[in-house]
Trainee: 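Dropping the structure in here first, questions after.
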There are 2 protein chains.
Amino acid sequence: MFFSKSFGYALRGILYIALLQDEQRKIQIDEIAQKLSVPRHFLGKIMQGVVKAGLLQSTKGPYGGFSMNETTLTTPLIKLVEITDGLDQFNICVLQLRNCNAVNPCPLHQEMEGIKTKLLLMFNQTTIVDLLNDNKKVFIKSLATQ
Amino acid sequence: MFFSKSFGYALRGILYIALLQDEQRKIQIDEIAQKLSVPRHFLGKIMQGVVKAGLLQSTKGPYGGFSMNETTLTTPLIKLVEITDGLDQFNICVLQLRNCNAVNPCPLHQEMEGIKTKLLLMFNQTTIVDLLNDNKKVFIKSLATQ
DNA sequence: TGATTAAAAGACATCCGCATCTTTTATGGC
DNA sequence: GCCATAAAAGATGCGGATGTCTTTTAATCA
């Protein structure tokens, strides 16, 4: 619902890396994919995009892998949606009308706008670190629950 | 956003038929597709599903076409979502976790549940006839706006 | 420098939403 | 019964999301 698999996988990948940060090591895509029960190569592509967008850091070679950077924890979720799914979707009318807007609204415009605003507000205000307040061990386990 | 093109096309098709009901005639798929600027054959498939689900009536042959039945106007929008998109989507976790629920929630479960509930409530309470309260001519025009 | 390691990148494969076109079936008028 | 009409149904194609596999690039260490 709402977002793609890419978004869900990316968020879980970032959360997994963030949770292991204290171990001061790079996390490899093989480990992430295995722990989250997510397709390895597909996740690789997705994380590649996340790195390219500057939300994470990665290095190749021995002892390489993915790690956080200074922006990771304070990134709002909407930024991740932008990377994985794009933001165009928020401007599509449920009736698939091109010219649907406040001036020329479809019969569901007002109601959908209210829900969309609530969703956007939450995704703008919530950051990665906001999602890390639970018991870490339980949380790691829940991330892998498939 | 939220729903498929099929849903949007189906809803506009039903609304178009409902708006012309007073003319006491069957509306043909060619006319609907043309007026709504929607692919004719694709819309045909979609309306076929709507008829099969009992939300509309249709007859073949000369003077045939689509028309409302006794249930059309009082159908809640969620029923149309069920026909075109299915209701499974409402049970998919944004993090793509299979076992995400109130007992074992992902870190976004609570927030997403709130938004989902609001959307479901609106789609359960709103019926086709609820969408027909505007000026009809303006509304027909807006339906075709592409 | 050479070997090893791990991400980056590219080539495919699959499935589904979306769309088009053709054939079949049912209905009404003659 | 025959013809015309319009929906139903089937075949096919396209593109994007998802997923797999192979090759290339970069980093570390000996």
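Numbers restart at 1 for each chain; the letters A, B, ... are given by sequence-line order, proteins then strands. Computed from a prediction, not measured in an experiment: that's the story for all the values here.
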Trainee: Would you list the atom pairs, donor with acceptor, under 3.5 Å between side chains in residues 46-62 of chain B and any protein atom, with sequence neighbours excluded?
Mentor:
residue : atom : partner : partner atom : Å
B/Thr59 : OG1  : B/Lys26 : NZ           : 3.1

Trainee: Using whole Å, report how far CD1 of B/Ile46 lies from P of D/dA7.
Mentor: 15 Å

Trainee: Side-chain contact, heavy-atom cut-off 4.5 Å: B/Phe90 with B/Ile78?
Mentor: yes

Trainee: At under 4.0 Å between heavy atoms, how does the protein contact nucleotides 11-23 of chain D? Give one character per nucleotide, 5' to 3', with B, S or -.
Mentor: -------SBBBB-

Trainee: Who pairs with B/Tyr63 by ring pair (Phe, Tyr, Trp, His ring centres under 6.0 Å), at least two apart in sequence or on another chain?
Mentor: none

Trainee: Do the side chains of B/Thr127 and B/Thr75 get nearer than 4.5 Å, heavy atoms only?
Mentor: no

Trainee: Can you confirm if the aromatic rings of A/Phe123 and A/Phe2 lie within a centre distance of less than 6.0 Å?
Mentor: no

Trainee: Does any residue of residues 51-61 of chain A have a heavy atom under 4.0 Å from DNA chain D, and if so, which ones, in number order?
Mentor: A/Lys60, A/Gly61

Trainee: Whole angstroms only, please: what is the CD1-C1' distance between A/Ile29 and C/dT5?
Mentor: 15 Å

Trainee: For A/Ile32 and C/dA6, what is the distance between atoms CD1 and C1' respectively, to the nearest whole Å?
Mentor: 12 Å

Trainee: Just to confirm, is there a sub-4.0 Å distance from OP1 or OP2 of D/dA7 to any side-chain nitrogen or oxygen of B/Gln48?
Mentor: no

Trainee: As a test of reading the structure: which of D/dA7, C/dA7, D/dA4 is closest to the side chain of A/Phe66, going by heavy atoms?
Mentor: C/dA7

Trainee: If you look only at distance, which donor and acceptor atoms sit under 3.5 Å apart when one is on a side chain in residues 79-87 of chain B and the other is two or more places apart or in another chain?
Mentor:
residue : atom : partner : partner atom : Å
B/Thr84 : OG1  : B/Leu80 : O            : 3.0
B/Asp85 : OD1  : B/Ser4  : OG           : 2.7
B/Asp85 : OD2  : B/Ser4  : N            : 2.8
B/Asp85 : OD2  : B/Ser4  : OG           : 3.1

Trainee: Okay, side chain of B/Arg12, backbone of B/Leu36: is any donor-acceptor separation there less than 3.5 Å?
Mentor: yes

Trainee: Residues two or more places apart in sequence or in another chain: which of them pass side-chain contact (heavy atoms from CB on, under 4.5 Å) with A/Thr126?
Mentor: A/Leu77, A/Met122, A/Asp130, A/Leu131

